[in-house]
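Please read the structure below before turning to the comments.
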Amino acid sequence: MPPMRTRFAPSPTGALHVGGVRTALFSQLMARRSQGSFLLRIEDTDRKRSEDRYIDGILDGLRWLGIDWDEGPFFQTQRSDLYRDAIGKLVASGSAYPCSCTPEELEKHREEAKAAGTRTSYDRHCRPGVGPGPIEGRPTSIRMAAPLEGEVVFYDEIKGRIAFAAEEIEDFVIARSDGTPTYQLVVAVDDADMEITHVVRGDDHVNNTPKQILIYQALGLEPPAFAHLPLVLGKDKKRLSKRHGAASVLEYRDLGYYPDALVNFLARLGWSHGDQEIFTRDELVEKFAIDDVNPAAGVFDAEKLDWLNAQYLRARSPDELAADLRAFAAREGTELRGDAAWQARMVSTLRERVATLRELLDSARYYLEDDLVFDDAAVKKLLTPDAAPLLEALIARLEGLHSWNVEDLEAAFRAVADAHDQKLGKLAQPVRVAVTGGKQSPGIFEVLDVLGRDRTLARLRTGVETCRG
RNA sequence: GGUCCCAUCGUCUAGUGGUUAGGACGCCGGCCUCUCACGUCGGUAACGGGGGUUCGAGUCCCCCUGGGACCA
């Protein structure tokens, strides 16, 4: 496989969203697989809508996800000379021509064509040899002289042959009257100049492709291969947007997702390799093939992402997970209680019950804080007068316990329950509420083991008071 | 409205003319059990419709329907 050069070319007019990330990922994977290069180009020609904070967000997002680039970032605003040269060449060779039509005239033509039921695209008024030509002295834009007949065909790596009839391609503008180049021109010139071999981008660009091919041809350049990825849809099958949750990928970081999990999830959205669900980065590079990408759009399934993230989270060792949690909490400006060893014991009791670091931190509350948040219904149901003697017997027993570990705690619980002729649950549940505030938690012996003797006994004593009302 | 693209369980998908249409998420149930999870075992659920081609179509062709994108 010859080395490919691919690129990701976002415009900084909004946050980097998951659809963009997937495009970047597939593009990078193709380059890596072929031992080629992946470039990053910021399409900031739309000065009015481009903002620096979006550029930072895009860069941060890609870095967080580990989708790194080999060249760039390049900025189109710094490459104006290149575009001006290309436009000059195009005009000189007759492939493009000046057009003096005003927006009003264009609009008028559109209205008339609409009323007459004819084509509303540009009528080539200023095209040499076709229309009357431009009016002297007026400012001019530059238009491509698109072919009048035949068709423009390309073979998409994902969708196969795509053809556009020439009459569907109007004489589009490549430079505005103020001289600034348009998107079509800039993209084609940049991709050519950067020697991109495979343009991987969203489905929404399919209709632009023939125009760009025309520019390549007019400049005497060989067009690259194209791969148009189907879009990522929301649960309502509409194009993913803010309404569907996270607008920016960085929100997933703040929600406590692992970058590897998000990358794995996005890779599997529209691509598959047999029945495999979990892929390491190396496997992705090794197994990714554009031919295996599904041509149909896919729905972003947040529940499956949660499952996948949980798989990644559980694959971490307790020490690693504790470190992850410390870093996560630090991002929010909080420091975790206790030392690393204690934190590792804590997270190992919680890890099977959460999908994200956010959930892990939230669920660790009763370990980290001493002012418990009580579930009223649980208190009412379990911290009853009946439970008081059981709890008191347990307190007495625990006070006399020589060692504080899971085995001895369990033995103590069983002894107390047996002495009162009760099942273990009758004791464990009230203890759970007294110690954690709620009726669900990890195994109660593990919880007490992590909590330690003093904190446990203090909570149990408060619990007894609650039982007595 | 014009052009282009798409179509297997609710969702992500396997499938390249002959399969009891497989897997994963979710959901439901059993087991495990101090609760909740995890785990494990089992279950629910799909080829949008109609025509062809063929001995035989989820797989090939056409039409319809539906969805999406771009342009207006």
Side-chain angles (χ1 to χ4, degrees), chain A residues 19 106-107 109-111 113-114 117-122 151-152 154 156 158-170 172 183 201-211 228-240 264-278 291-311 313-314 348-355 359 363 375 378 381-382 409-410 413-414 416-417 422-433 435-436 438-448:
Chain A
L106 261 18
E107 180 57 28
H109 162 70
R110 233 189 322 271
E111 291 302 323
K114 208 170 173 183
T118 55
R119 206 171 290 280
T120 58
S121 53
Y122 180 58
E151 54 181 13
V152 177
F154 66 97
D156 191 272
I158 294 169
K159 298 173 189 295
R161 183 181 190 273
I162 299 179
F164 291 83
E167 57 263 35
E168 298 301 336
I169 307 168
E170 70 173 344
F172 57 100
Y183 173 76
R201 63 193 356 175
D203 231 351
D204 44 341
H205 289 290
V206 171
N207 289 292
N208 290 330
T209 306
K211 296 179 181 175
H228 288 97
L229 298 173
L231 266 15
V232 179
L233 273 23
K235 230 180 161 56
D236 56 2
K237 302 230 177 180
K238 291 276 191 286
R239 190 176 176 162
L240 210 56
N264 190 153
F265 174 76
L266 257 14
R268 273 288 286 105
L269 179 51
W271 172 79
S272 60
H273 185 78
D275 287 338
Q276 189 171 348
E277 295 287 347
I278 297 177
D291 307 329
D292 296 329
V293 174
N294 191 334
V299 174
F300 185 93
D301 182 358
E303 285 173 337
K304 188 153 184 177
L305 171 60
D306 280 350
W307 171 79
L308 200 54
N309 200 68
Q311 301 305 306
L313 189 146
R314 284 172 207 149
S348 66
T349 70
L350 261 14
R351 62 195 306 200
E352 303 296 339
R353 276 153 258 266
V354 298
E359 286 178 22
S363 71
D375 169 352
K381 183 165 180 218
L382 293 160
L409 284 165
E410 175 159 8
F413 267 68
R414 292 200 185 276
V416 171
Q422 291 287 356
K423 292 187 126 177
L424 187 56
K426 284 289 179 198
L427 176 60
Q429 280 303 78
V431 170
R432 176 167 279 118
V433 177
V435 165
T436 70
K439 41 184 178 183
Q440 287 112 42
S441 83
I444 195 64
F445 317 124
E446 283 78 11
V447 171
L448 300 196

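Below, all heavy atoms of this structure are taken into account, side chains as well, without hydrogens, waters or symmetry copies.
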With rounding to the closest Å, how many angstrom separate the [atom1] atoms on [N] and [M]?
| N | M | atom1 | answer |
| --- | --- | --- | --- |
| B:C32 | B:G26 | C1' | 22 Å |
| B:A14 | B:C9 | C1' | 13 Å |
| B:C70 | B:G52 | P | 39 Å |
| B:A7 | B:G30 | C1' | 37 Å |
| B:C41 | B:C61 | C1' | 45 Å |
| B:C64 | B:G29 | C1' | 42 Å |
| B:G50 | B:C55 | C1' | 23 Å |
| B:U3 | B:C63 | P | 13 Å |

Are OP1 or OP2 of [N] and a side-chain N or O of [X] less than 4.0 angstrom apart?
| X | N | value |
| --- | --- | --- |
| A:Ser441 | B:C36 | no |
| A:Arg414 | B:C34 | yes |
| A:Asn294 | B:U13 | yes |

Would you indicate what [X] reaches in the nucleic acid, counting non-hydrogen atoms under 4.0 angstrom: base, sugar-phosphate, or nothing?
| X | answer |
| --- | --- |
| A:Gly270 | sugar-phosphate |
| A:Pro442 | base |
| A:Arg110 | sugar-phosphate |
| A:Lys159 | sugar-phosphate |
| A:Phe164 | sugar-phosphate |
| A:Gly298 | sugar-phosphate |
| A:Ala417 | nothing |
| A:Ile444 | base |

Could you tell me whether A:Glu151 and A:Arg161 make a salt bridge, using a distance below 4.0 angstrom between a side-chain N and a carboxylate O?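 The answer is yes: the pair qualifies as a salt bridge.
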For the pair made of [atom1] in [X] and [atom2] in [N], what is the distance, rounded to whole Å?
| X | N | atom1 | atom2 | value |
| --- | --- | --- | --- | --- |
| A:Leu231 | B:G68 | CG | P | 11 Å |
| A:Leu308 | B:U11 | CG | C1' | 14 Å |
| A:Phe300 | B:G26 | CZ | C1' | 15 Å |
| A:Gln276 | B:C12 | CD | P | 20 Å |
| A:Glu277 | B:U11 | CD | P | 16 Å |
| A:Glu168 | B:A69 | CD | P | 20 Å |
| A:Leu233 | B:A7 | CG | C1' | 13 Å |
| A:Arg161 | B:C4 | CZ | C1' | 13 Å |

Which is more 5' along RNA chain B, the nucleotide nearest A:Trp271 or the one nearest A:Arg432? Just name the residue.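 In this pair, the answer is A:Trp271.
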Comparing A:Asp203 and A:Phe445 on RNA chain B - which has the more 5′ nearest nucleotide: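 With A:Asp203 and A:Phe445 compared, the 5'-side residue is A:Phe445.
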Could you check which of [options] has an atom nearest any side-chain atom of [X]?
| X | options | result |
| --- | --- | --- |
| A:Glu303 | B:G23, B:C34, B:G26 | B:G26 |
| A:Arg268 | B:U35, B:U13, B:A69 | B:U13 |
| A:Ala296 | B:C6, B:G23, B:C4 | B:C6 |
| A:Ile162 | B:C12, B:C34, B:C4 | B:C4 |
| A:Asp204 | B:C34, B:A69, B:G23 | B:A69 |
| A:Ser272 | B:G10, B:A14, B:A24 | B:A14 |
| A:Leu269 | B:C34, B:U13, B:C25 | B:U13 |
| A:Trp307 | B:C38, B:C4, B:A24 | B:A24 |

For the side chain of [X] and the backbone of [Y], is there at least one donor-acceptor N/O pair under 3.5 Å apart?
| X | Y | result |
| --- | --- | --- |
| A:Asp292 | A:Trp271 | no |
| A:Arg268 | A:Glu277 | no |
| A:Glu168 | A:Phe164 | no |
| A:Asp156 | A:His228 | yes |

Is it the case that the base of B:G39 and the side chain of A:Glu352 share a donor-acceptor contact (distance under 3.5 Å, atom types as modelled)?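 Flag unset: no donor-acceptor pair detected.
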With both distances kept under 3.5 Å, what pairs with [N], Watson-Crick or G-U wobble?
| N | result |
| --- | --- |
| B:U40 | B:G30 |
| B:U59 | none |
| B:A7 | B:U65 |
| B:A72 | none |
| B:A45 | none |
| B:U54 | none |
| B:U19 | none |

side-chain hydrogen bond (donor to acceptor under 3.5 Å, both in side chains) partners of A:Lys211, counting only residues at least two apart: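 A:Lys211 satisfies side-chain hydrogen bond (donor to acceptor under 3.5 Å, both in side chains) with no residue once adjacent residues are dropped.
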Using the ring centroid of each side chain, check whether A:Phe172 and A:Tyr122 are separated by less than 6.0 Å.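 Judged by ring-centre distance (under 6.0 Å), A:Phe172 and A:Tyr122 do not meet the cut-off.
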Decide yes or no for A:Arg201 and A:Thr209: does some side-chain heavy atom of the first lie under 4.5 Å from some side-chain heavy atom of the second?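 SC-SC contact between A:Arg201 and A:Thr209 confirmed.
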Describe, in one word, how the ring planes of A:Tyr183 and A:His205 are oriented to each other, choosing from parallel (under 30°), tilted (30 to 60°) and perpendicular (over 60°).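 The arrangement is parallel - the two ring planes meet at less than 30°.
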